[in-house]
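What follows is a set of notes on a single structure, which appears directly below.
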Amino acid sequence: MSDQEFVLSTQEWYYPSDEIVNQSHVSDYEAVYTEAAADPQAFWAKRAETLEWYQRWEKVLDESGAPFYKWFVGGKTNIALNALDRHIKTWRKNKLALIWEGEPGDKQTYSYWRLWQEVNKFGNVLRSMGVKKGDRVTIYMGRIPELIIAMLACAKIGAVHSVIYGGFSEHALADRIEDAQSRVLVTCDGAWLRGSIVELKKIADQAVHRSPIVEHVIVVKRTGQDVPMQAGRDFWYHDLMSLPIASPNCETEVMDAEDPLFILYTSGTTGKPKGILHTHGGYQVYTSTTLQYAFDIRDEDRWWCAADPGWITGHSYIVYAPLILGATSFVYEGAPNFPYPNRWWKMIENYGISILYTAPTAIRGLMRFGDAWPKRHNLSSLRLLGSVGEPINPEAWRWYHSIIGGGRCPVIDTWWQTETGGFMITPLPSVGLKPGSATRPFPGVIADVVDDDGNTCAPGVEGKLVIKNPWPGMLRTIYGDPDRMVRQYFSTYARQGWYLAGDSARKDEDGYFWIIGRIDDVIKVSGYRLGTAEVESGLVSHAAVAESAVIGVPDEVRGNVIYAYCLLRAGFQGSDALVDELKDHIRKEVGPIAVPTKIEFVSALPKTRSGKIMRRVLKARAMGLPEGDTSTLEE
Ligand code: WTA
């Protein structure tokens, strides 16, 4: 956004109706924010009291090991106790927890009772395979109910799940299995995407071949094509679930509040993905509070978070928070424009969805097909809309607000990260909105935009986004690499003890936050987070490539696309055929989401005299912009 656009958009206000304000959980943001800021621990303790604990905590926050904070110290709980067990003791046992539609049009519904039973059964299956408290289980599946069941079953028996997004390749999967040292892998034969099958079992087989630590592979039958099953190692999910060991009663493991719940790998500045670790106690309090306040979840709602459960948005806001709140969630398996661009709008009408939460890239993609598609459908059930994953451009915001939301649904633009566990900067429904701004911090969160010395930037001035106090949903560590957690997030402002988010941002005169984008080597492609180093190491693992540099270039629909520059080894010639080969190679090494839009062969890469690639220069060249200060550029 140019300076002029920024000034203009900071003046554009949208206010919620009285009805929305009066009904929402927090009708006075200022009051709740001020109260929480005065005593965050008291605020979070009050929220924790709305949940069940086997044993109450002794201390809300232990800061002695900062930045390795501990929340609800001494508390005993299990997120499954709150997401499932407590509901089946109430009328909610009859309520729908999950409504699911497959891409081919098949449907499934799960009441809380049914979901609880399925989770219990699968928990027993995992236990029978020797999975114990603290063991890691890797899950690599499409967007089907069994993925959610598998995650919850792990939580219930105290195992740590590591979900790998189905768009990752065998190589990426193998690396993550190795890092987590998982002995059990849960997958499916395939996943439906735009009418064809993504062969997940085949990819899983190749990954297991690379990481022989896996002893058992459990396979859900989804797409039904023939897949090879290795005797003694591979088992069909439905076979296991019909054995007597799969009893529908399964004792919930009593967990310490700080016991690990899951590892979720995300991209950082180096090629090695970071296993972000979250725990049972703080995460359940944080995700459920943020969802309840920001989306005002009520019993009559039908909530649709259109993310993939394989990313943090799905973990927090498809699986855990909605279930803790006893909500009804809708989950859809496939592509938004399959078979036609009205698929989403049709499902909103069919199921009476009241809240839709998705990413700007999906909004822009659907906007491209024109207004006629959504206008064919009755979308009056919608009450609130949400956005996540990257900055939403004001144009897409206005379209979403007026065409999808009929001008009456506030757009809740939530800024957060895998590391934060839940929303950090977000409007609540009662707050005045400005298109393109995530508005203000969630109660209990102290966020700021600062310069390199830690001084608060003046309104309109770009700086680094930091969080100045701990919150219950924050990452606890990077799995197996605690030093990296300190280096990455807490070393830039070590003296102040602030968390560095890795984004640049501005605040306006009203204290509203405007996120600009990543300041590190992370690229957001269609809302998915990728590291330049992951793609670069994928490229140089091809025999023809000596060196490569990858940048993100703005794209109207996908937010960013990847451009790659490759220096070839002696004896190799650049050609269209080699471009195709390299794209295929990346698809296999990293995954389809990482495939560069453009690959260019170069005879040199711009580097500093100390040998660091200057991606900034490449980006300026690609976008036809001035190259800026190149004084450190090597001759
Ligand atoms: C970006 C996704 C602007 C940001 C939940 C952040 C956003 C990164 C927004 C984290 C938003 C997320 N406005 N930018 N509303 N939400 N981002 O870990 O750059 O996949 O640092 O978590 O996404 O990506 P991650």
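A quick note: this is a predicted structure, and the numbers were derived from the prediction, not measured.
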Is any side-chain heavy atom of Glu103 closer than 4.5 Å to one of Phe338?
yes
Salt-bridge contact Asp296-Arg298 (side-chain N to carboxylate O under 4.0 Å)
yes
Counterpart residues, ring pair (Phe, Tyr, Trp, His ring centres under 6.0 Å), relative to His315 (two or more places apart):
His161, Phe262
Ring centroids only, cut at 6.0 angstrom: are Tyr286 and Trp44 within range, meaning strictly under it?
yes
Sequence neighbours excluded, the answer for side chain to side chain donor-acceptor pair (under 3.5 Å) partners of Glu419 is Tyr489, Arg529
For Ser27, give me all partners under side chain to side chain donor-acceptor pair (under 3.5 Å), at least two apart in sequence or on another chain.
none
Do NZ/NE/NH1/NH2 and the carboxylate oxygens of Asp451 and Lys464 come within less than 4.0 Å?
no
Sidechain N-carboxylate O distance under 4.0 Å for Glu627, Arg616:
no
Pairs touching residues 3-23 that satisfy ring-ring contact (aromatic ring centres under 6.0 Å, His included), sequence neighbours left out:
Phe6-Trp514, Trp13-Tyr15, Trp13-Tyr512, Tyr14-Trp397, Tyr14-His401
What pairs with Pro339 under side-chain contact (heavy atoms from CB on, under 4.5 Å), at least two apart in sequence or on another chain?
Arg343
What residues, two or more places apart in sequence or in another chain, satisfy side-chain contact (heavy atoms from CB on, under 4.5 Å) together with Pro410?
Pro16, Ile20, Leu384, Ile412, Leu433
Residues Asp413 and Lys434 bridged, charged N to O under 4.0 Å:
no
For the aromatic rings, using the six-membered ring if either is Trp, is the centroid distance between Trp311 and Tyr165 under 6.0 Å?
yes
Side-chain H-bond candidate by donor/acceptor type, Arg302 with Ser354, under 3.5 Å:
no
So the side-chain hydrogen bond (donor to acceptor under 3.5 Å, both in side chains) pairs with at least one residue in residues 366-375 (sequence neighbours excluded) are Asp371-Trp399
Using the test side-chain contact (heavy atoms from CB on, under 4.5 Å), find all partners of Ala48 that sit at least two apart in sequence or belong to another chain.
Trp53, Trp57, Phe72, Val285
Among residues at least two apart in sequence or on other chains, which ones pass side chain to side chain donor-acceptor pair (under 3.5 Å) with Lys95?
Asp299
Please identify each residue that fulfils side chain to side chain donor-acceptor pair (under 3.5 Å) with Lys346, with sequence neighbours left out.
none
Taking NZ, NE, NH1 and NH2 as the nitrogens, is one of them in Lys46 or Glu35 under 4.0 Å from a carboxylate oxygen of the other?
yes
Residues at least two apart in sequence or cross-chain that pass side-chain contact (heavy atoms from CB on, under 4.5 Å) with Ala307, listed by chain then number, are Cys305, Thr313
Tell me, please, which residues at least two apart from Tyr317 pass ring pair (Phe, Tyr, Trp, His ring centres under 6.0 Å).
Trp416, Phe423
Which of these passes ring-ring contact (aromatic ring centres under 6.0 Å, His included) with Tyr357: Phe330, Trp304, Trp303?
Trp303
